[in-house]
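Here the structure comes first, spelled out in C-alpha cells, and everything after it is commentary.
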2 protein chains.
Amino acid sequence: MKYEAITIKDIAKALGLSTSTVSRALRDSYEISSETKDRVLAYAKEMNYRPNPIALSLKEKRSSSIGVLVSEIANSFFSQAINGIESVAQEKGYNVIIAQSKEDFDREVSALHYLASRSVDGILISVSAGTSDFSTINDLYLRGMPLVSFDRVVDHLNMHKVKVDNYKGGYDATHHLIKNGYKKIACIASSAYLSISEERVAGYKDALIEKKMGVDENLIDYCLHSGLIYEEVEDIMNKLMMQKNKPDAILACSDKITTNIMRYCQDKKIKIPAKIGLLGFSNLDLTDLLTPSLSVVKQPAAEMGRIAAELLIKMIESKRPTTTFEEVILPTELFQRASSAKKAKP
Amino acid sequence: MKYEAITIKDIAKALGLSTSTVSRALRDSYEISSETKDRVLAYAKEMNYRPNPIALSLKEKRSSSIGVLVSEIANSFFSQAINGIESVAQEKGYNVIIAQSKEDFDREVSALHYLASRSVDGILISVSAGTSDFSTINDLYLRGMPLVSFDRVVDHLNMHKVKVDNYKGGYDATHHLIKNGYKKIACIASSAYLSISEERVAGYKDALIEKKMGVDENLIDYCLHSGLIYEEVEDIMNKLMMQKNKPDAILACSDKITTNIMRYCQDKKIKIPAKIGLLGFSNLDLTDLLTPSLSVVKQPAAEMGRIAAELLIKMIESKRPTTTFEEVILPTELFQRASSAKKAKP
DNA sequence: TGAATTTACGCAAACGATACCGGGAATTAA
DNA sequence: TTAATTCCCGGTATCGTTTGCGTAAATTCA
C-alpha cells in the first residue's frame with residue numbers, strides 16, 4: 001500500500017501552468033507574477049503539497065540525512081549520545097539514520113557500506129570493539145564521505161574526533177582508588193583494539209607508577225566484546241580472583257563491564273567495597289542508587305553527540321574539502337561513592 | 001564536500017554500452033550475453049559500483065526506510081525497543097530513521113510531518129504523553145501511510161497495535177502489594193491522556209476493589225510529562241506525603257516516575273520499604289542491584305519493537321491496503337524484590 | 001510608431017536507475 | 001535463397017524537482 005501525495009505536476013495540470021512556473025512560484029521567484037504565485041500557493045496549501053524529498057535528494061545530490069553507527073543502541077552512553085545527535089540534526093534539518101554493529105566487525109562493515117552508498121550525507125561513527133581493520137573507514141574517507149568519530153575514535157585516521165580525556169579519566173580514577181587505600185588495583189578494559197582502552201589503561205598505569213606501586217600485568221585484562229556478554233566478564237573475574245596476587249579493587253573501563261562486575265560480585269557474595277573496591281566508567285542514571293552506590297567516571301554523552309553532529313554537519317555543508325581535523329576532548333567527571341570507599345586499615 | 005560515486009552511466013561509457021544494457025547486466029537479465037555480463041560485473045566490482053538508493057527510491061516510489069517516533073531515546077524502554085526495531089529493519093533491508101517528541105505535542109506533530117513527507121515508507125509510533133489530539137496521525141492513516149503504534153497505542157484509531165497487558169500489569173502489581181500487607185497504596189501514572197495510564201490505573205483499582213480496600217482518588221495522580229522532569233514527581237510526592245491519608249506504598253507507572261520516586265525518598269530520607277513500599281514499571285537493567293533492590297513490572301521492549309517492525313514492514317509490502325488491524329498484547333513480567341517486601345505487622 | 005526592454009511564462013535537460021518498445025544481426029527453418 | 005526466429009542491445013520515457021534558455025506579450029523609451 002502506497003502513500004500517494006500531490007506533486008508539482010498535479011498542481012501545474014490543475015492550474016494550467018507548467019511545472020517550472022509552479023516550482024518557481026513555490027520558491028517565490030521574482031519572475032513569476034504575484035497573481036500566479038497566489039494561485040499556486042493557495043492551491044498548494046489547500047492540497048497540502050509537500051516537496052518530495054527524494055526527488056530533491058536526487059537533484060541536489062544530498063539526502064539531508066546523517067548516519068550514526070554505534071555498537072549498541074540499548075546502552076546508556078550511546079542512547080544519550082544519540083539523543084544529542086538527534087537534537088542537533090533536527091535543528092539543522094537532517095534525518096538521523098541509526099545502525100548498530102553489536103560490537104561485530106562484519107556487521108560494522110556492512111552497516112557502513114549500507115549507509116555510505118549515498119543514502120546519507122555523512123556518518124558519525126563509534127567503532128565496534130571487534131574492529132582492528134579500519135580500511136573500510138579509510139576508503140570512505142578517501143572517497144570524500146564526511147566522517148566524524150566519537151568516543152571510540154580511530155587515532156591514525158584523518159577525521160574529526162570527539163572524545164573524552166580518557167587518560168585523565170583512568171588516571172583520576174586510579175588515583176582516587178590509591179588515595180582510598182587500595183593496594184592491588186586491577187583494571188578491566190574494553191577491547192585492546194580501542195584507543196579508549198589504551199588511553200584509560202595508560203592513565204591507570206601512570207597513576208600507579210607515580211605512587212611507586214608497580215604495574216602487574218596480571219591485573220590488567222581486556223574484553224573483546226566490551227563486556228556485552230556476561231561470560232566474558234565472568235571469566236576475567238574468575239581468573240583475577242583465583243590468582244595469587246588477588247586485587248583489592250577494580251577499575252572497570254566500560255558501562256557493561258562495570259555492571260557485570262557488580263552482578264558477578266553479587267552472585268559470588270563478594271562484598272563491595274569490603275572485599276573489593278569498584279570504580280567504573282559508566283553513564284547510567286542510577287549508579288547513585290545502587291547497592292552499594294557506585295563510584296563512576298561519567299562521560300558527557302549528550303554533549304559529545306551534539307558536538308560531533310555539529311562538526312559533521314559543518315563538514316557536509318562546507319564548500320571545500322576539509323583538510324584539517326579537530327580533536328575535541330571533553331572532561332570526564334569522577335563521582336566518588338560507596339563502592340570505592342576508603343579502605344579500613346588492616 | 002561531496003561524496004562522488006560511480007553510476008551506471010559511467011560504466012556504460014567506459015565499456016561502450018548503453019545504460020539499459022548495463023542495468024540489465026547487473027540485474028542478470030536473460031537478454032544480455034554472458035560475455036557482456038561478465039565485463040559489466042567485473043568492471044562494476046572493480047569500481048566498487050553501488051546503485052544509488054535515492055534514484056531507486058524515486059523510481060520505485062519507496063525509500064526502504066521506516067520512521068520511529070518515540071518520546072525519548074535515552075530511556076531504557078525505548079532504546080531497547082529501537083534495538084528490536086533496528087534488528088528487524090536491518091534484516092529486511094530497511095533504514096531506521098528516529099525522531100523524538102520529548103513528550104511534547106508540537107514536536108510530535110512536526111516530527112510526523114517531517115517523516116511523512118514521503119521520506120519513509122511507514123512509521124512506528126509511540127505517542128507522546130502530551131498528546132490528546134490525534135488528528136495528525138489520523139490524517140496520515142487516511143492518506144494511506146502505513147502506521148503501527150506500540151506501547152503507548154491510540155485506542156480509537158485504525159492501526160496495528162503492539163502493547164503489553166497494562167491492565168494485568170497494574171492489577172498484578174497492586175495485588176502483590178496488597179498481599180505483602182500494604183494498606184494504603186498510591187498510584188502515580190503517566191499522562192492521563194495515555195491509554196496505558198488508564199489501563200494500568202484500571203488494573204490497580206480493580207485489584208483494590210476485589211480485596212474490598214476501596215479506591216481513594218486522592219491517592220491517584222498523573223504526570224503530564226511521564227516523570228521526565230524531576231519536579232513533576234517531587235510535587236506529587238510532596239502532596240501525597242502531606243495529606244492525612246498518607247500512602248504506605250506506591251505503584252509507579254513508568255520508568256522515570258519510578259526512579260524519581262526512589263531519588264525523592266533518598267533525598268527526604270524516607271526508608272523503602274519500611275516507611276513506604278515501592279513497585280514500578282521499569283525496563284532498567286540494574287533494578288536488581290539498587291538500594292533497596294527494586295520490585296518492577298518489566299515490559300518485553302525489544303520484542304515489542306521487533307513485532308511492531310514486522311507488522312509495519314508486512315503492511316508496507318502488502319499489495320492491498322490493510323483493512324483489518326491486529327492488536328498484539330504481550331505479557332508483562334513482575335519481579336518481586338526488596339522495595340515491596342512484606343510489611344512487618346504493626 | 002518602431003525599437004528596446006521588461007515581464008512572465010514554457011520547454012527541455014538533468015539527477016540515477018528501470019523497463020517498455022523496437023530493431024539490427026545472426027541463426028535456423030522452409 | 002528467403003522468411004522467420006532468436007539473441008543482444010540501444011533509444012527513450014519515467015519518477016519529481018530545479019534551472020538555464022528561449023520567447024511571446026506587455027511595457028517602456030526614443
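Naming: A, B, ... by sequence-line order, numbering from 1 per chain. Side chains included, hydrogens not; waters and symmetry mates left out as well; all remaining heavy atoms used.
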Axis bend over the full length of the helix from C/dT1-D/dA30 to C/dA30-D/dT1, computed from five pairs that close each end, to 10 degrees: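 Axis-to-axis angle, ends of the helix: 60°.
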Set of residues satisfying side chain to side chain contact (heavy atoms under 4.5 Å, CB included) with respect to [X], sequence neighbours excluded:
| X | result |
| --- | --- |
| B/R50 | A/H113, A/S117, B/N48 |
| A/T7 | A/K9, A/D10, B/R118 |
| B/S195 | B/V153, B/D155, B/E199 |

ring-ring contact (aromatic ring centres under 6.0 Å, His included): pairs with one or both residues in residues 20-74 of chain A, sequence neighbours excluded: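 ring-ring contact (aromatic ring centres under 6.0 Å, His included) check on residues 20-74 of chain A returns no pairs.
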Listed once per pair and sorted, the side-chain hydrogen bond (donor to acceptor under 3.5 Å, both in side chains) pairs that draw on residues 306-316 of chain B, sequence neighbours left out: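 Qualifying pairs: none.
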For nucleotides 22-25 of chain D, print each protein N/O atom paired with a nucleotide N/O atom at under 3.5 Å, atom names and distance only.
none

Along DNA chain C (nearest heavy atom to each residue), the more 5'-positioned of B/R24 and B/I54: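 Looking at DNA chain C, the more 5' nearest nucleotide goes with B/I54.
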For atom [atom1] of [X] and atom [atom2] of [N], their distance in whole Å:
| X | N | atom1 | atom2 | value |
| --- | --- | --- | --- | --- |
| A/Y30 | C/dA8 | OH | C1' | 11 Å |
| A/I6 | D/dC15 | CD1 | P | 15 Å |
| A/R50 | D/dT17 | CZ | C1' | 17 Å |
| B/L26 | C/dG16 | CG | P | 15 Å |

Contacts of A/E327 that satisfy salt bridge (Lys or Arg N to Asp or Glu O under 4.0 Å) - sequence neighbours left out: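 Partners of A/E327 under the salt bridge (Lys or Arg N to Asp or Glu O under 4.0 Å) test: A/K163.
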All pairs passing salt bridge (Lys or Arg N to Asp or Glu O under 4.0 Å) where residues 95-106 of chain A contributes a residue, at least two apart: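 The answer is A/E72-A/K102, A/E103-A/R152.
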Residue pairs, two or more places apart or on separate chains, that pass salt bridge (Lys or Arg N to Asp or Glu O under 4.0 Å) and touch residues 33-48 of chain A: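 Listed by first then second residue: A/D28-A/K37.
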Pair A/S20-A/S23, side-chain donor/acceptor within less than 3.5 Å: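 Note: A/S20 and A/S23 side chains miss the donor-acceptor criterion.
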Steps toward ring pair (Phe, Tyr, Trp, His ring centres under 6.0 Å) verdict (B/F150, B/H160): CA-CA 8 Å; B/F150 69 100; B/H160 290 316; over 10 Å; no
Closest to side chain of A/Y49, choosing from C/dA17, C/dA19, D/dT17: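 Shortest atom-to-atom distance from the side chain points to D/dT17.
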Which nucleotide in D/dG16, C/dA17, C/dA19 has an atom nearest any side-chain atom of B/L58: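 Closest of the options to the side chain of B/L58: D/dG16.
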Strand contacts (DNA chain C) in residues 32-48 of chain A, 4.0 angstrom heavy-atom criterion: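 Contacting residues: A/I32, A/S33, A/T36.
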Strand-adjacent residues in residues 9-23 of chain B, judged by heavy atoms under 4.0 Å from DNA chain C: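 Within residues 9-23 of chain B, the residues near DNA chain C are B/K9, B/S20, B/S23.
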